[in-house]
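Throughout, protein chains are lettered first and strands after them, A, B, ... in sequence-line order, and every chain is numbered starting at 1.
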There are 2 protein chains.
Amino acid sequence: MKFDSQPSYSLGQRTPASREVAAGENGGNVTLVSQSALGAINRGRVLQALYDNGPKSRADLARLAGVNRTTITGIVQPMIEDQLLVEGDASPSDVKGGKPARPLYFNPDAPMLGAVLLLPGTIQACLVALTGEIKAVTKAEFDPVGDTEAFIAVMTKTLTATLSEAHQAPFGIGVASAGMIDSDNGTILTVNLAPVLTGLPLVAILQERFSLPVVIDHHPRALLVGDRWFGPGRGQQNFAAVYTGEVLGGAFFIDGKVYRGLAGSGGELGHSVVQIDGALCNCGKHGCWETVAALPWLRKEAARMGLPHPKSITCARLVKEADEGSNAADELLDRYTRNVAFGIVNLQQTLSLNSYVLHGDVAGGGMRAAELIRQHVEQLVVKRPGQEISITVNGIGEGHTALRGAAGLVLSSHLKLVI
Amino acid sequence: MKFDSQPSYSLGQRTPASREVAAGENGGNVTLVSQSALGAINRGRVLQALYDNGPKSRADLARLAGVNRTTITGIVQPMIEDQLLVEGDASPSDVKGGKPARPLYFNPDAPMLGAVLLLPGTIQACLVALTGEIKAVTKAEFDPVGDTEAFIAVMTKTLTATLSEAHQAPFGIGVASAGMIDSDNGTILTVNLAPVLTGLPLVAILQERFSLPVVIDHHPRALLVGDRWFGPGRGQQNFAAVYTGEVLGGAFFIDGKVYRGLAGSGGELGHSVVQIDGALCNCGKHGCWETVAALPWLRKEAARMGLPHPKSITCARLVKEADEGSNAADELLDRYTRNVAFGIVNLQQTLSLNSYVLHGDVAGGGMRAAELIRQHVEQLVVKRPGQEISITVNGIGEGHTALRGAAGLVLSSHLKLVI
DNA sequence: AGCAGTTAGTTTGTACTTCGCACAAACTTA
DNA sequence: TAAGTTTGTGCGAAGTACAAACTAACTGCT
């Protein structure tokens with residue numbers, strides 16, 4: 001399935017931006033901001049403001065951005081004409097008197113974004129509207145140890161089914177994948193539980209099949225973007241997303257942009273060391289955070305302590321059993337959340353982001369788990385005067401956050417929010 | 001001592017930039033880039049290119065930045081007229097034929113930068129030229145547990161002595177201080193070994209006395225900026241500075257800018273946990289990195305192993321004794337560098353900066369220590385294909401790096417290198 | 001010596017963006 | 001009905017980067 005035409009409205013510079021990329025490739029380490037880039041940047045920032053704050057009038061946007069109203073008009077008018085944005089009905093303003101404001105927001109019928117969530121053995125694809133709505137979800141399974149061609153066939157079929165529901169060509173496709181991802185080159189490096197994906201240049205493959213911009217990043221970073229877009233991270237300039245489960249991972253939103261690290265390798269927190277010469281980890285080293293805060297540890301401890309059904313223990317069940325009066329569950333929950341807290345403490349000491357959104361198993365423990373973790377972090381961190389550390393769970397279904405985030409990856413990579 | 005006039009040439013926007021700050025204060029979380037800001041940004045980036053690459057001709061700068069030659073001319077011409085930059089003699093170009101290029105660089109007689117290094121008990125002040133030269137160094141001592149007024153008097157006297165050597169008003173004063181610093185508000189929060197400094201609003205005090213822009217940041221961040229300016233970090237876009245000694249600290253240069261974290265509290269690596277429920281730390285927690293990689297640990301181990309003069313042991317002496325054939329020194333050096341490596345490993349897993357510059361005690365161990373640390377890091381980090389980790393020591397005297405860095409803080413905060 | 005070729009830096013005019021001002025539209029309050 | 005307030009829109013001004021064409025200065029070849 002190929003889309004012949006790109007959507008009429010370009011969100012920033014879609015094509016590899018001529019000069020800036022050229023400068024980068026020339027080895028130049030400085031890049032001046034060109035006149036035209038400035039326009040694209042400011043357009044992107046206005047859209048970002050809409051994502052962050054929901055429908056807003058031109059005057060509100062001008063106030064938020066601290067610029068002239070006419071500037072906003074100049075920016076949004078072409079977007080309205082291109083049907084990217086729509087003007088809502090005049091809402092009765094809360095201030096007395098004056099012409100009522102016309103709120104602007106994304107056109108639900110604007111081109112959508114393709115999103116793929118790739119976990120060992122399963123593919124989920126969907127369309128995400130700029131308003132955050134999720135449509136045309138399709139799921140498929142693949143053999144994690146099977147044939148590469150077979151996987152590509154399943155992937156193509158799934159994505160085709162989803163994309164064919166779109167009325168117009170999407171802006172692009174975002175892929176969130178488990179494992180170790182090289183987001184610069186668009187390849188999957190390794191996925192522990194799905195060897196078939198090792199070394200797969202998925203971006204190149206999908207770009208060729210669908211003639212659309214394709215972005216890939218690892219799962220925690222998609223969660224981060226999803227949080228930022230329509231979750232607890234909305235509007236925040238600094239926070240981290242932390243994923244716990246069979247493995248541990250994280251991703252950071254720093255000073256208003258997604259942090260990637262070189263080749264997109266930042267945030268592999270699972271293998272930071274919290275216990276020198278501690279227990280052996282899957283990675284071959286000792287004392288990784290993953291050895292004390294992931295599900296395998298929890299299962300082992302549950303078995304050791306004689307809790308019922310230790311093989312299927314989760315944080316959610318632990319909370320439930322603790323609430324029902326199980327002392328063992330209560331104690332294990334405390335130790336588990338304390339171990340999780342250590343990773344967050346190290347993050348806090350390093351980056352001082354002050355805000356953390358939990359995903360995965362501990363998120364299943366809800367507010368109770370989050371509060372326990374927060375208390376442990378408070379105790380373990382070196383306090384600074386006036387510092388407040390916030391730890392929340394993303395209540396929305398995790399798949400949805402990841403899918404929205406995968407879609408958001410396309411935006412954040414093409415919106416030129418950064419210079 | 002007061003300077004009546006600001007230097008004629010403004011490096012970027014000196015005064016609290018009208019709109020951008022206003023927008024920030026208004027609570028707006030988006031900031032559009034205005035036309036005039038664009039000029040300041042690009043001016044700053046051209047200067048940055050000069051810092052990074054040394055003297056360069058207009059044509060070279062244009063190539064480095066990927067912009068038109070005329071743009072560079074337009075940017076540098078006013079700077080030459082204001083005597084911030086000077087045109088060097090036409091150097092015989094390496095290419096054959098053509099008009100010889102006139103290299104541009106900072107005028108040694110341009111306004112300088114005031115720099116202060118504040119450690120428990122001692123003050124060092126100096127002037128730093130834009131070319132990196134250090135002049136008019138003055139030193140003084142103060143009572144770490146004495147009277148605040150007395151400290152301020154010493155500080156004022158020292159700084160006055162240095163600044164009076166300047167021929168024109170400096171661009172500003174940068175202060176690098178040990179301890180916990182709130183760089184946003186310009187106050188010293190706590191310095192363990194100098195209680196007199198606790199809570200001191202030093203920026204406000206110095207600004208009032210000298211009528212100059214004043215910036216404060218913590219010691220490791222000054223080392224970082226010093227490295228970046230004329231040290232091993234020169235021209236790099238991503239690296240970390242790591243300080244070891246009585247305490248441990250770090251600072252990060254991320255995507256071409258200094259990372260501060262909220263209220264400048266990022267990089268307090270000493271109290272990240274590498275040994276859950278490990279040895280008791282000064283901070284009251286257990287198993288901090290500082291308990292296994294700082295000098296107190298080294299002294300204790302040296303004593304336990306029966307090394308000579310354990311109370312004055314340093315990495316430098318350890319390397320020397322190991323070279324002279326001491327097995328005990330060799331073994332302790334290996335353990336020490338391994339413990340230091342753990343902190344770097346956690347940094348690498350988190351941020352993936354790939355490049356680390358060592359300062360403080362381990363830097364005294366020179367190449368030998370750096371190479372040992374590098375080997376340990378290589379072994380302890382989860383490898384990614386094609387990833388190279390570089391660990392270097394800053395050979396220049398450490399005080400000089402910190403002083404240059406303190407000066408550089410003024411530039412990086414006023415140069416608008418960032419948007 | 002003279003000419004072609006090459007590179008550096010400048011002049012001139014153009015395109016793009018934001019800003020301030022003035023003004024019409026639309027609503028509230030007295 | 002009139003005054004006051006807020007929203008959104010033309011229009012010209014100011015600032016910036018860019019492209020083309022030009023001069024300046026040097027090398028190499030004939």
Side-chain angles (χ1 to χ4, degrees), chain A residues 13 17-20 22-23 31-46 55-78 80-81 85 87-104 416 419, chain B residues 13 17-20 22-23 31-46 55-78 80-81 85 87-104 416 419:
Chain A
Q13 306 238 10
S18 46
R19 182 171 326 98
E20 298 201 350
T31 312
L32 301 196
V33 185
S34 76
Q35 202 77 2
S36 47
L38 194 154
I41 291 161
N42 284 353
R43 273 192 292 277
R45 295 205 176 173
V46 168
K56 285 286 167 201
S57 70
R58 296 169 180 78
D60 278 341
L61 287 172
R63 274 188 292 268
L64 277 169
V67 298
N68 201 289
R69 289 204 307 278
T70 56
T71 303
I72 299 294
T73 298
I75 289 174
V76 299
Q77 216 54 46
I80 294 175
E81 278 161 24
L85 302 179
E87 222 170 11
D89 286 334
S91 61
S93 89
D94 46 350
V95 293
K96 60 190 173 203
K99 175 175 173 178
R102 308 287 305 275
L104 300 171
K416 293 269 164 184
I419 301 187
Chain B
Q13 307 239 7
S18 45
R19 181 174 325 102
E20 296 199 353
T31 312
L32 299 198
V33 186
S34 76
Q35 203 74 6
S36 46
L38 194 154
I41 291 159
N42 282 354
R43 273 192 291 277
R45 295 205 176 174
V46 167
K56 285 286 166 200
S57 69
R58 296 169 179 80
D60 279 342
L61 287 171
R63 275 188 291 266
L64 277 169
V67 298
N68 200 290
R69 288 203 308 276
T70 57
T71 303
I72 299 293
T73 297
I75 289 175
V76 298
Q77 216 56 44
I80 293 175
E81 278 161 26
L85 302 182
E87 222 172 10
D89 287 334
S91 60
S93 86
D94 46 349
V95 292
K96 57 188 174 199
K99 176 177 173 177
R102 309 287 305 273
L104 299 172
K416 293 271 165 181
I419 302 187

Taking only the side-chain heavy atoms of [X] (C-beta and beyond), determine which of [options] contains the nearest atom.
{"X": "B/Thr71", "options": "D/dC18, C/dC27, D/dT7", "value": "D/dC18"}
{"X": "B/Leu38", "options": "D/dT16, D/dG8, C/dG9", "value": "D/dT16"}
{"X": "B/Ile75", "options": "D/dC18, D/dA17, D/dG8", "value": "D/dA17"}
{"X": "B/Asn68", "options": "D/dT9, C/dA8, D/dA19", "value": "D/dA19"}
{"X": "A/Ser57", "options": "C/dA8, C/dG20, D/dG8", "value": "D/dG8"}

Q.
Distance check, rounded to the nearest 0.5 Å: A/Leu104 atom CG versus A/Asp60 atom CG?
A.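 Reported to 0.5 Å precision, the distance equals 9.5 Å.
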Q: Work out which heavy atom in B/Pro103 is nearest to a heavy atom in B/Ala101; give both atom names and the distance.
A: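 Where B/Pro103 meets B/Ala101 most closely, the heavy atoms are CD-O, 3.4 Å.
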Under 4.5 Å between any side-chain heavy atoms of [X] and [Y], yes or no?
{"X": "B/Ile80", "Y": "B/Gln77", "result": "yes"}
{"X": "B/Arg69", "Y": "B/Ile72", "result": "no"}
{"X": "B/Lys56", "Y": "B/Arg63", "result": "no"}

To the nearest angstrom, how far is [X] atom [atom1] from [N] atom [atom2]?
{"X": "B/Gln77", "N": "D/dT16", "atom1": "CD", "atom2": "C1'", "value": "17 Å"}
{"X": "B/Leu104", "N": "C/dA8", "atom1": "CG", "atom2": "P", "value": "13 Å"}
{"X": "B/Ile72", "N": "C/dG9", "atom1": "CD1", "atom2": "C1'", "value": "12 Å"}
{"X": "B/Lys56", "N": "C/dT7", "atom1": "NZ", "atom2": "P", "value": "16 Å"}
{"X": "B/Leu61", "N": "C/dG9", "atom1": "CG", "atom2": "C1'", "value": "13 Å"}
{"X": "A/Lys99", "N": "C/dC27", "atom1": "NZ", "atom2": "P", "value": "9 Å"}
{"X": "B/Ile41", "N": "D/dT16", "atom1": "CD1", "atom2": "C1'", "value": "12 Å"}
{"X": "A/Arg43", "N": "C/dT18", "atom1": "CZ", "atom2": "P", "value": "8 Å"}

Establish, with yes or no, whether the OP1 or OP2 oxygen of [N] is under 4.0 angstrom from a side-chain nitrogen or oxygen of [X].
{"X": "B/Arg63", "N": "C/dA8", "answer": "yes"}
{"X": "B/Thr73", "N": "C/dT10", "answer": "yes"}
{"X": "B/Arg58", "N": "C/dA8", "answer": "no"}
{"X": "A/Asn42", "N": "C/dT18", "answer": "yes"}

Q | N/O donor-acceptor pair, side chain A/Arg69 with base D/dG8, under 3.5 angstrom | A |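 A donor-acceptor contact between them is present.
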